[in-house]
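Each remark here refers to the structure printed beneath this line.
Proteins get letters first, then strands, A, B, ... in listed order; numbering begins at 1 in each.
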Amino acid sequence: MGTPSDALEVLAENYEFIESIGPCLGFRRAASVLKSLPAPLRNINDIEGLPCLGPETKAVIQDIFECGSSSKVEEVLTDERYRTLKIFTSVFGVGPKTAEKWYRRGLRSLEQIVSDSSIHLNKMQIAGFQYYEDISKPVSKAEAEAVGHIIKEIAGCFSPDVTMTLTGGFRRGKEFGHDVDFLLTVPRPGKEDGLLPAVIDQLRIQGLLLYSDFQESTFDLSRLPNRRFEAMDHFQKCFLIVKLKKEQVVGQQAEQRCGRDWKAVRVDLVAPPAERYAFALLGWSGSTQFERDLRRYSRLERNMLLDNHALFDKTTCFFCNKVIHQRRIPMARCDSTASAMLTANQD
DNA sequence: TGCTGGCAAACA
DNA sequence: TGTTTG
DNA sequence: ACAGCA
């Protein structure tokens with residue numbers, strides 16, 4: 001707390017709550033720039049030459065160096081509306097609109113929400129409240145790997161040659177996350193369609209499925225160059241909450257005399273065709289800000305369009321994965337650029 | 001000065 | 001249709 | 001309301 005980047009995040013979040021998306025993005029990007037620095041700022045002069053830090057963000061950072069805090073940020077932190085919306089949006093399935101609606105009704109705590117019979121929660125929010133305690137706790141790397149073993153076991157029954165990669169924050173080296181992301185595929189084209197339904201069914205049979213939201217694939221390679229490149233991919237995917245037994249987690253004692261012997265964990269599974277695996281992996285490795293910047297870099301500096309499915313060269317009007325089979329060079333270059341940026345991405 | 005800044009799909 | 005998720 | 005760009 002109290003660091004310049006945290007302070008800017010608070011302001012960004014507050015602008016998000018009042019649906020002012022421009023300033024929200026401005027503060028978020030500024031915070032992200034500070035987080036990406038190799039060393040923390042020592043004084044106000046260190047921001048010289050950094051991008052996305054204008055007069056407004058500079059004033060905030062300056063206040064923190066001079067007074068130890070920014071009055072503007074402190075004001076937001078004590079604001080009842082901000083504090084309440086922050087609590088409400090911490091529930092899975094509750095965004096700024098819903099939080100705002102509850103706030104306007106005079107509600108101020110989660111207890112008031114659940115005991116209010118006039119409020120109708122949707123499927124996602126019901127799960128969000130039901131497993132709130134577990135889901136709000138960070139997920140450890142050991143827990144992520146334990147989930148991985150369960151999924152891999154099931155997916156391996158569907159197809160022994162399944163490929164599975166832990167993505168998201170853990171792939172970037174983080175020790176904790178708020179959920180666990182996996183990318184899965186099978187070599188035979190088209191067979192990946194049955195993969196996630198099979199995994200979900202088996203989780204349900206084993207009594208480990210607490211919530212699931214399955215999204216059918218809408219991926220269509222033939223229509224890629226026409227439409228504007230998209231931020232969210234069209235691969236088959238599912239957002240789950242699964243039951244993770246404590247005894248399955250390495251380094252955690254099974255002896256829990258009292259209380260539950262399991263924990264609810266948010267899990268996302270994505271199943272692209274094997275041929276699209278590399279792009280999906282890059283896209284799902286995050287962070288959100290890094291993906292934004294990578295796309296912006298492709299577009300503005302390289303005249304290319306990047307998304308989770310492909311990399312398109314606007315100059316030659318070819319996809320880079322096509323080119324690798326025909327000419328071999330550009331993909332390697334794109335790939336090394338992407339890897340270099342990925343390596344540099346320290347969240 | 002005025003525009004852009006991540007978008008598709010499930011659910012209610 | 002609006003809201004939320006990643 | 002923020003910041004960068006045409």
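- For the residue pair C52(A) and V33(A), the shortest heavy atom distance occurs at CB-CG2, 4.2 Å.
- With dA10(B), dG5(B), dG6(C) as the choices, the nucleotide that has an atom nearest any side-chain atom of R29(A) turns out to be dG5(B).
- Inspection of the Q236(A) and E192(A) side chains reveals no N or O donor paired with an N or O acceptor under 3.5 Å.
- Applying the side-chain hydrogen bond (donor to acceptor under 3.5 Å, both in side chains) criterion to K152(A), with sequence neighbours excluded, gives no partner residue.
- Read 5' to 3', the first and last nucleotides of DNA chain D with an atom closer than 4.0 Å to a heavy atom of chain A are dA1(D) to dG4(D).
- As judged by a 4.0 angstrom heavy-atom cut-off over every strand, V270(A) is placed among residues making no nucleic acid contact.
- Partners of E100(A) according to the salt bridge (Lys or Arg N to Asp or Glu O under 4.0 Å) rule, which considers only residues two or more places apart in sequence or in another chain, are R81(A), R104(A).
- Residue R28(A) places no side-chain N or O under 4.0 Å from the OP1 or OP2 atom of dG5(B).
- The CG atom of L25(A) sits 9 Å away from the C1' atom of dG6(B) (whole-angstrom rounding).
- At a threshold of 4.0 angstrom between heavy atoms, the contacts of F27(A) are confined to the sugar-phosphate backbone, with no base atom among them.
- Cluster partners of W262(A) are F92(A), M124(A), Y131(A), I135(A), L210(A), Y211(A), I241(A), counting Ile, Leu, Val, Met, Phe, Trp and Tyr whose side-chain heavy atoms approach within less than 4.5 Å, directly or via other members.
- The residue I18(A) sits close to a base: some heavy atom pair falls under 4.0 Å.
- By the ring-ring contact (aromatic ring centres under 6.0 Å, His included) test, Y277(A) pairs with no residue at all, sequence neighbours left out.
- Rounding to whole angstrom units, CG of residue D181(A) and C1' of dG6(C) are separated by 8 Å.
- The ring pair (Phe, Tyr, Trp, His ring centres under 6.0 Å) analysis of residues 164-183 of chain A, with sequence neighbours excluded, yields no pairs.
- For residues 40-77 of chain A, the set of pairs meeting the ring pair (Phe, Tyr, Trp, His ring centres under 6.0 Å) definition, not counting sequence neighbours, is empty.
- For the segment residues 95-127 of chain A, the set of residues with a heavy atom within less than 4.0 Å of an atom of DNA chain B comprises N122(A), K123(A), in numerical order.
- For F239(A) and dT3(C), the CZ to C1' distance is 14 Å, given to the nearest whole Å.
- Remark: C1' of dT3(C) and CG of L85(A) are 15 Å apart, rounded to the nearest angstrom.
- Nucleotide dT3(C) holds its P atom 14 Å from the CD atom of E16(A), rounded to whole Å.
- Across dT4(C) and dG6(B), the matching C1' atoms stand 15 Å from one another, rounded to whole Å.
- Using a 4.0 Å cutoff on non-hydrogen atoms, the parts of residues 43-57 of chain A near DNA chain D are P51(A), C52(A), L53(A), G54(A), P55(A), E56(A), T57(A), ordered by number.
- Rounded to whole Å, atom P of dT4(B) lies 15 Å from atom CD1 of I21(A).
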Review point. Can I151(A) and L269(A) be said to form a side chain to side chain contact (heavy atoms under 4.5 Å, CB included), step by step?
Key: CA-CA 9 Å; I151(A) 307 288; L269(A) 307 179; 4.3 Å; yes
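- Pairs of residues two or more places apart, or lying in two chains, never qualify as side-chain hydrogen bond (donor to acceptor under 3.5 Å, both in side chains) while including a residue from residues 119-130 of chain A.
- Taking Ile, Leu, Val, Met, Phe, Trp and Tyr as hydrophobic and joining them when side-chain heavy atoms fall under 4.5 Å apart, one finds F88(A) in a cluster with I87(A), V91(A), V94(A), W102(A), L107(A), L110(A), I113(A), V114(A), I119(A), L121(A), I126(A), F129(A), Y132(A).
- Listed candidates were dG6(B), dA9(B), dG6(C). Nearest to the side chain of Q215(A) is dA9(B).
- Shown here are the side-chain hydrogen bond (donor to acceptor under 3.5 Å, both in side chains) partners of T89(A), two or more places apart in sequence or in another chain: there are none.
- In this structure, CZ of R266(A) is placed 15 Å from P of dT4(C), rounded to the nearest angstrom.
- When the P atom of dG6(C) is taken as reference, atom CH2 of W284(A) falls 8 Å away, rounded to whole Å.
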